[in-house]
Amino acid sequence: MPRIAYVNGRYVRQSEAAVHIEDRGYQFADGVYEVCLVIGGAYWDEEGHLDRLDRSLRELEISPPMSRSALKSVLSAVVRRNRLKNALVYLQVTRGVAPRNHAFPNPPVPASLVVTAKPFDLEKCEAQAEKGVAVVTQPDIRWGRVDIKTIGLLPNALAKEFARREGASEAWLVRDGKVTEGAASNAWIVTKSGEVVTHPLGDEILGGVTRQTVIACAEELQIKISERPFSLKEVAEATELFLTSASNLVMPIVKIDGREVGRGAPGPVARRLREAYLKRCALTPA
Ligand code: PDD
């Protein structure tokens, strides 16, 4: 069955879908995106993703391409038309098409909207979580507003490619000796004293939707979370490391820069949070 994409008002075969060569997303990375998880046909944390999309658009002064309810209809239609039960949905909004000029088009032009979906293998993700994954560290060379989920992801792509070549699945980005986040995920440690730590919100990280839900899960489990920067030294001494993102949920890390974490197996805190996250999302109707 051909994959179907939504492109500026039309549902088209993905292999035939196209955008204009003067789309500002293509020329300037002048756009934002979201990746949402769909399980059993229902969006997880949909409102959280749409809230963050609104924020990203506002920060860049891009007008939303349509209302939230219309966008939700498009999102459901893409999943339905692709006959997917478990999926990762990609949604991208750019400032639109205009003759190349760095300053914004004046008057503004309509934003471009593209939505695609691909199958998500939950069993494979579960199997990976049972084993845990490896990460490597890389310098954080990104710009100063990574809280905006822009499509300008070259530093992230370079870090992820470095990780791939090292046989790891993610790169943890380091600035001034502190881990900010992963190339495409948020970063967490569990200290020897049992403190669960993740970088605070601000310009230096993307406020992950999964991160926020995991914090809510931790509260329910009465696991205290500290939102503060943590150093590479603390990483080296941590009993557990894990990462969170829409495509990984809560993923234990068992190796960093070739060194084993703890006993080299997923730890109890990551396991509990993953279970709680799965349970919570399954209970939240889209
Ligand atoms: N990445 N930090 C960065 C830099 C990210 O790109 C992502 C998500 C996250 C986690 O955010 P969330 O929990 O809302 O997925 C943190 C997506 C999955 C991606 O780019 O594919």
Side-chain angles (χ1 to χ4, degrees), residues 25 29 31-39 43-56 59 75 86-93 114-122 125 128-129 133 135 137-164 169-175 178-188 198-218 225 227 229 241-251 253 270 273-274 276-278 280-281 284:
V32 302
Y33 76 104
E34 284 295 326
V35 176
C36 310
L37 183 61
V38 171
I39 297 292
Y43 276 85
W44 287 21
D45 277 335
E46 186 179 31
E47 296 298 332
H49 285 284
L50 295 180
D51 286 347
R52 186 172 63 191
L53 176 70
D54 281 347
R55 179 179 182 276
S56 296
E59 291 295 318
L75 291 172
N86 297 348
L88 280 174
V89 176
Y90 178 77
L91 175 178
Q92 173 175 310
V93 181
V114 170
V115 182
T116 58
K118 64 178 181 186
F120 174 72
D121 191 338
L122 183 60
C125 184
Q128 198 163 41
V133 298
V135 301
T137 53
Q138 279 287 278
D140 190 345
I141 58 168
R142 300 173 301 162
W143 75 316
R145 286 302 308 276
V146 300
D147 56 310
I148 306 171
K149 198 161 172 61
T150 79
I151 56 175
L153 290 174
L154 189 52
N156 308 60
L158 294 175
K160 198 81 160 183
E161 174 59 14
F162 178 85
R164 192 187 64 80
S169 36
E170 178 60 304
W172 273 16
L173 306 177
V174 181
R175 179 173 296 160
K178 305 269 167 50
V179 174
T180 50
E181 62 179 332
S185 58
N186 289 113
W188 305 69
T198 193
H199 196 287
L201 296 177
D203 297 350
E204 289 182 334
I205 66 159
L206 180 77
V209 174
T210 319
R211 175 188 180 281
Q212 221 47 48
T213 304
V214 166
I215 288 174
C217 290
I225 306 279
E227 294 178 71
L241 308 180
F242 58 95
L243 59 86
T244 57
S245 77
S247 49
N248 285 284
L249 323 179
V250 179
M251 185 59 71
I253 294 166
L273 287 173
R274 184 178 173 94
Y277 180 81
L278 279 161
R280 188 184 178 97
C281 288
T284 309

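Whatever order the structure lists ligands and atoms in, that order sets their numbers, starting from 1.
Inspection of the Thr213 and Asp45 side chains reveals an N or O donor paired with an N or O acceptor under 3.5 Å.
When every heavy atom of Asn248 is checked against every heavy atom of Arg274, the shortest pair comes out as O-NH1, 3.1 Å. Closest approach of Val179 and Ala187 over heavy atoms only: CG1-CB, 3.8 Å.
Using a 4.0 Å cut-off between charged nitrogen and carboxylate oxygen, Asp140 and Lys178 do not count as a salt-bridge pair.
For Thr210 (side chain) and Ala246 (main-chain N/O), a donor-acceptor pair under 3.5 Å exists by modelled atom type.
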Ligand-protein N/O pairs under 3.5 Å (ligand 1):
unit_1   : atom_1 : unit_2 : atom_2 : d
ligand 1 : 1 (N)  : Lys149 : NZ     : 3.4
ligand 1 : 1 (N)  : Ala184 : O      : 3.2
ligand 1 : 2 (N)  : Glu181 : OE1    : 2.6
ligand 1 : 13 (O) : Val209 : N      : 3.4
ligand 1 : 13 (O) : Thr210 : N      : 3.0
ligand 1 : 13 (O) : Thr210 : OG1    : 2.6
ligand 1 : 14 (O) : Arg52  : NH1    : 2.8
ligand 1 : 14 (O) : Arg52  : NH2    : 2.9
ligand 1 : 14 (O) : Val209 : N      : 2.8
ligand 1 : 15 (O) : Ala246 : N      : 2.8
ligand 1 : 20 (O) : Tyr33  : OH     : 2.7

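Here the options are Arg55, Arg142, Arg52, the test is salt bridge (charged side-chain N to carboxylate O under 4.0 Å, His left out), and the partner is Asp147; only Arg55 passes.
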